[in-house]
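Quick notes on the structure that follows.
The first residue of the sequence shown is numbered 1, and numbering continues consecutively from there. Each ligand, and each atom within it, is numbered from 1 in the order the structure gives.
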Amino acid sequence: MRAAIYRGPGEITVEEVPKPEVESPTDAVVRITHTAVCGSDLWFYRGQSDREEGSRVGHEPMGIVEAVGEDVRSVEPGDRVFAPFVVSCGRCEFCRKGLHTSCVNGDSWGGDNGGGQGEYVRAPTADGTLVRVPDRHADDEETLEALLPLTDVMGTGHHAAVSAGVGEGDTCIVVGDGAVGLCGVLAARRLGAERIVAMGHHEDRLELAREFGATETISARGEEAIERAIETTYGGATHVMECVGAASAMETAIEVCRPGGTVGYVGVPHGVNEDGLDLFGMFGDNITLSGGVAPVRAYAEDLMADVLQGTLDPSPIFTKTVDLDGVPEGYRAMDERDAIKVLVKP
Ligand SMILES: [Zn+2]
Ligand SMILES: [Zn+2]
């Protein structure tokens with residue numbers, strides 16, 4: 001089979017690799033029909049985080065079950081499924097708490113299970129990892145494209161909103177206009193927020209934020225952006241969603257948080273270790289930091305129910321579609337911000 005492979009910063013190739021097989025009784029093999037390039041893939045693509053050269057890439061798989069091990073109960077060959085960006089068992093202490101990203105039997109995609117950006121993937125602990133799409137929706141292309149973001153960015157935006165404590169009638173600020181920030185806007189609206197202020201740097205993305213439910217957008221940079229956010233919320237928002245991961249975004253989030261408020265953070269932290277967090281400012285204003293890597297498996301069924309009933313549709317974040325050969329071009333387009341998020345149909 002063919003799969004995308006990381007060959008060093010700025011270099012993704014599509015190569016022939018061994019096709020995965022059922023290795024354990026709890027495995028399933030999935031033929032991938034839809035997957036995506038992620039903003040988090042850009043960290044290694046840009047050489048800003050380490051990744052082993054020659055490793056498979058991609059962690060947002062959706063497809064058709066091709067084979068299952070003898071202990072798999074929840075899916076069978078022919079089922080349409082998708083999988084969150086980490087593997088989880090669904091049975092351990094942390095999976096039962098809804099913290100699937102800390103699963104004691106967990107794993108990430110891209111090792112010997114194969115990456116998500118390829119023709120097939122081996123899904124370990126398939127009963128826990130895979131989410132089955134009901135048959136009557138299993139071949140509806142529009143629905144599938146709306147479900148695919150539940151593998152990562154929609155669940156992550158939702159985690160930001162939940163972590164920030166967003167609820168009915170609230171005012172919140174979303175820091176970041178990437179796919180996660182945009183999904184964060186959708187999530188805040190879904191949870192009943194009344195005012196949603198989206199902060200970002202790209203007019204086209206902020207336009208989509210408005211379509212998704214942002215009531216105001218701020219495209220200024222630096223101090224000016226912070227001042228405007230504080231001014232428009234009369235002193236900051238009690239619920240702030242940090243959806244970038246860069247140290248500067250975290251600083252902005254803390255600065256625009258109202259005293260006594262909560263910053264829900266879901267961006268993979270980069271640069272925060274070097275610069276440190278402004279704990280003193282958080283201390284002075286009793287600001288809570290909540291969040292972390294999103295356990296998107298915990299949210300999959302709830303969010304899927306809304307997609308299937310037509311009240312949630314994150315698919316407009318996909319502004320470019322490629323086939324498997326187009327994956328290197330997909331990385332380039334996201335790196336150069338020609339695309340918000342790239343849909344891959346192998
Ligand atoms: Zn992702
Ligand atoms: Zn587990």
* Do any N/O/S atoms of Asp41 come under 2.8 Å of the Zn ion (ligand 1)? -> no
* Structure fact -> Restricting Asp152 to its N/O/S atoms, the closest one to the Zn ion (ligand 1) is OD2
* Asked: Would His100 count as a contact for the Zn ion (ligand 2), in the sense that one of its N, O or S atoms lies under 2.8 Å from it?
  -> no
* Asked: So do the side chains of Pro346 and Thr33 get within less than 4.5 Å of each other, counting heavy atoms only?
  -> no
* To do: Assess the side chains of His34 and Glu141: does a donor N or O sit below 3.5 Å from an acceptor N or O?
  => yes
* **Cationic tip of Lys341 above Phe318 ring, under 6.0 Å, 45° of axis** => no
* Where the Zn ion (ligand 2) is the corner point, what angle links SG of Cys103 with SG of Cys95, to 10°? -> 110°
* Are Lys19 and Glu66 within salt-bridge range, i.e. N to O under 4.0 Å? -> yes
* Test applied, side-chain contact (heavy atoms from CB on, under 4.5 Å); reference residue, Arg297; option that passes from Pro84, Cys103, Cys95 -> Pro84
* Where the Zn ion (ligand 1) is the centre, what is the NE2-to-OE2 angle for His59 and Glu60, rounded to 10°? -> 100°
